[in-house]
Structures are given as structure tokens and as C-alpha cells.
Amino acid sequence: YSLKLIDLIRPFIRATDDIADPELIAEILSNAAERLSNQPGYLSPFAKSAQDLNYDYIGGKSDDITVMVAQVKLAK
């Protein structure tokens, strides 16, 4: 399963590259992360790190999800 974050948020970015609703985007991203974390066969970043340390682990950690969305604009 391949998830591209841009595909999740693209509908919420205006033509001017402004984020229409940062709070909604954060909720969408956290929901997607939670869904992936509950998939037993998902090779999550946590699982990859565990395997790098020789632990036999596959899956995610739904209690470790934090999402922050920010809009950074250059001053004109």
C-alpha cells in the first residue's frame, strides 16, 4: 500500500497555493496515519527502525501519531 500525502491534501489547496483549512488537513492526515498504523502488515517508520535494531516487528504504533500543519508565506 503506497500512500502519497500530497494526494490526500491536494483537493484542499487553492489555486494560489494557500491551504484552505489547515485543521481539516491535519485531521485527514492523522486519520490516514491511524489507518496505516492498524494494518498488521504495514512496514511503518517505527517497524523499519525496529528492524534496523534487529527486532522482528511489522505494523505501526497508533499511539505515536502527531500531525502539525502550517502555512508558510514569503512576505511581499
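Note that the coordinates shown come from a computational prediction; the quantities given were computed from them, not determined experimentally.
Residues Gly59 and Ala47 come closest through the heavy atom pair O-CB, 3.5 Å. What you find for Ser44 and Gly60 is that their closest heavy atoms are OG-CA, 3.5 Å. Annotation for Tyr57 and Ala50: closest pair CB-CB, 3.9 Å, computed over non-hydrogen atoms.
Residues Ile28 and Ile6 fall within the same hydrophobic cluster, defined by Ile, Leu, Val, Met, Phe, Trp and Tyr side chains chained together at heavy-atom separations under 4.5 Å.
With side-chain heavy atoms closer than 4.5 Å counting as contact, directly or through intermediates, Val72 stands alone and belongs to no larger hydrophobic cluster.
Annotation: side-chain contact (heavy atoms from CB on, under 4.5 Å) contacts of Ser30 (sequence neighbours excluded): Ile65, Val67. The salt bridge (charged side-chain N to carboxylate O under 4.0 Å, His left out) search around Lys61 returns Asp64, not counting sequence neighbours. For Gln51, the side-chain contact (heavy atoms from CB on, under 4.5 Å) test picks out Leu43, Ile58, with sequence neighbours left out. In this structure Ile19 satisfies the side-chain contact (heavy atoms from CB on, under 4.5 Å) test together with Pro22, Ile25, Val69, Gln71, sequence neighbours excluded.
The stretch residues 17-39 participates, sequence neighbours left out, in no ring pair (Phe, Tyr, Trp, His ring centres under 6.0 Å) pair at all.
Taking a 6.0 Å sphere around CG of Asp56, one finds it holds 12 or fewer heavy atoms contributed by other residues, nucleotides or ligands.
Distance check: Leu36 CG to Asn31 CG gives 11.0 Å after rounding to the nearest 0.5 Å.
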